[in-house]
Amino acid sequence: MQMDDHEQQAILASVLKTAVDAIVIIDQRGIVQSVNPATERMFGFGASELIGQNVKILMPSPYHEQHDGYLDWYEETSEKKIIGIGREVIGKRKDGSTFPLHLAVSEVESGSRKLYTGILRDISDLKAVEQELKRLNATLDQRVHQQAEQLHQAETQLIEKEKFATLGRISGGIAHEIRNPLNAIKTSAYYLLNARSPSPAKHEEHLQRIDRQVTVIDSAVTALSDLARLPEPNATAVSIPDIVEAILRDKQLPRSIEVRKDFPTDLPGAWVDEKQLPIVLKNLIRNARDAMPDGGVLELAAQVDDQQVQVLVTDTGVGMTAEVVERLCEPFFSTKARGMGLGMAITMAILQKNHGTMQVDSTVGQGTRFTLSLPIGGDDR
Ligand code: ADP
Ligand code: MG
């Protein structure tokens with residue numbers, strides 16, 4: 001269907017009149033040629049106040065000052081900053097108030113004259129929604145933050161409670177550890193004070209007993225203060241096989257226990273305190289011995305794994321239940337009739353200070369393996 005010029009004019013006029021968007025036509029210099037009714041509504045200017053004016057009258061600073069520059073720029077470079085692209089800008093009403101706009105511009109060649117058509121949409125509502133969304137997002141963020149904070153507090157409280165429970169158990173352990181020898185001492189002292197004419201042998205026996213029990217208390221207190229005031233480690237490259245040899249020489253194991261050693265000749269030194277690491281290995285070996293009252297095999301091995309020296313202490317002893325493994329390193333936890341229950345607590349404290357870790361694998365009735373991972377020695381190894 002063909003339309004004549006008259007029809008086209010009529011349609012154009014109707015489009016311009018009914019459009020919700022403001023439509024502003026300017027020439028190359030920015031002079032307004034025509035505006036539609038929506039422009040008048042949007043900006044508060046009458047059409048006659050706009051036509052013949054520079055379009056920058058509709059723009060606040062700094063766009064106001066820059067607009068001529070844009071037009072010149074486009075004229076000279078044909079670089080499209082806005083034409084066919086569209087962008088968000090700020091409009092200025094007659095009363096000076098400003099509002100956000102989306103602006104799309106197209107270029108019209110009309111004979112020798114070049115015109116630009118700008119279509120402007122008020123996006124105040126959109127912006128308001130955007131702002132609200134941002135606000136909600138921030139509120140949400142804050143809520144999440146608050147929740148996390150509360151969770152953290154609950155966690156801290158729980159840890160405090162846990163610490164308190166552990167402290168209780170430790171105090172109980174100390175009391176228990178010290179009360180028995182104290183009772184024995186009291187009994188002997190009572191005898192010595194009150195016995196009518198004790199034989200020299202009896203006298204001697206009770207004094208001996210007091211002396212022994214004082215030693216028991218002393219070693220408990222010493223172990224405990226060692227644990228509490230473990231000196232800062234002084235790390236050097238330490239040879240694991242040498243330490244193991246020294247311990248085995250020092251502490252004779254019963255004949256019923258067969259000792260197997262497996263150390264590679266090129267094993268690097270472990271970067272740990274040379275006084276503290278032997279305490280760890282001594283404790284592990286002693287526990288392995290205690291776990292094999294009827295004999296068995298004690299295997300001592302080492303290897304390099306993942307940039308660390310791994311030390312493996314394996315026994316074929318009684319093994320541990322999950323509950324025992326759980327409480328293994330708790331001070332004063334012991335399943336032994338005469339056990340003080342500080343060995344593993346000290347072991348763990350030393351490992352932590354020396355940047356080592358310990359893994360336990362145990363099966364009741366089959367045996368236990370402790371795997372220590374220690375840092376590797378420095379440059380001088
Ligand atoms: P203690 O040797 O004085 O009992 P430890 O702290 O050395 O205290 O060990 C705590 C407990 O862990 C032991 O009483 C024992 O039940 C368990 N345990 C440690 N090592 C072994 C092991 N090699 N085999 C079986 N149980 C073990
Ligand atoms: Mg022990």
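Both counts, for ligands and for their atoms, begin at 1 and track the order of listing. For the single chain, residues carry numbers from 1 onward in sequence order. What's counted below: heavy atoms across the whole structure, side chains too, no hydrogens, waters or symmetry copies.
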Item checked: Among Lys336, Arg289, Met344, closest by any non-hydrogen atom to atom 13 (C) of ligand 1 -> Lys336

Next item on the list: Under 4.0 Å from a heavy atom of Val324: give me the atoms of ligand 1 that qualify, with their elements.
Entry: 16 (O), 17 (C)

Checklist line | Ligand-residue contact atoms, ligand 1 with Met340, heavy atoms, under 4.0 Å | finding: 3 (O)

Notebook entry, point to check: Under a 4.0 Å heavy-atom limit, does Thr347 contact ligand 1 with its side chain, its backbone, both, or neither?
Noted result: neither

Next item on the list: Begin from the C-alpha positions of Gln153 and Gln157 and carry the test side chain to side chain donor-acceptor pair (under 3.5 Å) through to its verdict.
Entry: CA-CA 6 Å; Gln153 270 176 15; Gln157 276 170 8; 5.6 Å; no

Checklist line | CA sep, side-chain torsions, deciding dist, call: Asn36, Thr39, side chain to side chain donor-acceptor pair (under 3.5 Å) | finding: CA-CA 5 Å; Asn36 70 341; Thr39 310; 2.6 Å; yes

Notebook entry, point to check: In the protein, which heavy atom is nearest to atom 12 (O) of ligand 1, and how far is it?
Noted result: Leu328 CD1, 3.2 Å

Item checked: Asn283 to ligand 1, any heavy atom closer than 4.0 Å -> no

Note to self: Heavy-atom pairs closer than 4.0 Å: do any link ligand 1 to the side chain of Asp315, the backbone, both, or neither?
What the structure shows: side chain

Margin query: In the structure I gave you, are the side-chain heavy atoms of Met340 and Ser334 within less than 4.5 Å of one another anywhere?
Written below: no

Margin query: Quick test: of every protein heavy atom, which one is nearest to atom 14 (O) of ligand 1, and how far off is it to 0.1 Å?
Written below: Thr335 N, 2.9 Å

Notebook entry, point to check: Below 4.5 Å, heavy atoms only, C-beta onward: do Gln359 and Thr357 meet side chain to side chain?
Noted result: no

Notebook entry, point to check: Does a sphere of radius 6.0 Å around NZ in Lys114 hold more than 12 heavy atoms from other residues, nucleotides or ligands, not counting ones at 6.0 Å or beyond?
Noted result: yes

Next item on the list: Considering only non-hydrogen protein atoms, determine which one is nearest to atom 3 (O) of ligand 1 and report residue, atom name and distance to 0.1 Å.
Entry: Gly341 N, 2.8 Å

Margin query: I need the nearest protein heavy-atom contact for atom 20 (N) of ligand 1: residue, atom name and distance, please.
Written below: Asn287 CB, 3.3 Å

Notebook entry, point to check: Looking only at heavy atoms, which two atoms of Thr316 and Gly296 are closest? And how far apart?
Noted result: OG1-CA, 3.3 Å

Check: Is there an N/O/S atom in Ser334 that lies less than 2.8 Å from the Mg ion (ligand 2)?
Finding: no

Notebook entry, point to check: Taking side chain as C-beta onward, heavy atoms only, is Asn283 less than 4.5 Å from Ile350?
Noted result: no

Note to self: Under a 4.0 angstrom heavy-atom cut-off, which atoms of ligand 1 come close to Gly343?
What the structure shows: 5 (P), 6 (O), 7 (O)

Checklist line | Minimum side-chain heavy-atom gap Leu58-Lys92 below 4.5 Å | finding: no

Check: Can Gly319 be said to touch ligand 1, with heavy atoms closer than 4.0 Å?
Finding: yes

Margin query: If I apply the N/O under 3.5 Å rule, does Met320 come out as touching ligand 1?
Written below: no

Checklist line | Proximity of Ser334 to ligand 1 by residue part, where a heavy atom lies under 4.0 Å | finding: both

Check: What atoms in ligand 1 come closer than 4.0 Å to a heavy atom of Phe333?
Finding: 8 (O), 10 (C)

Next item on the list: Could you tell me the separation between the CG atom of Leu140 and the CG atom of Leu133, rounded to the nearest 0.5 Å?
Entry: 10.5 Å

Notebook entry, point to check: Do the non-hydrogen side-chain atoms of Glu274 and Asp242 ever get within less than 4.5 Å of each other?
Noted result: no

Checklist line | Per-atom contacts of ligand 1 with Gly339, taking only distances under 4.0 Å to non-hydrogen atoms | finding: 3 (O)

Checklist line | Residue part near ligand 1, for Thr368, under 4.0 Å between non-hydrogen atoms | finding: side chain

Checklist line | Any Met42 side-chain heavy atom under 4.5 Å of Phe99 side chain | finding: yes

Margin query: Among all protein heavy atoms in this structure, tell me which lies nearest to atom 24 (N) of ligand 1, with the distance rounded to 0.1 Å.
Written below: Ala291 CB, 3.3 Å

Checklist line | Any side-chain heavy-atom pair of Ile178 and Val216 under 4.5 Å | finding: no

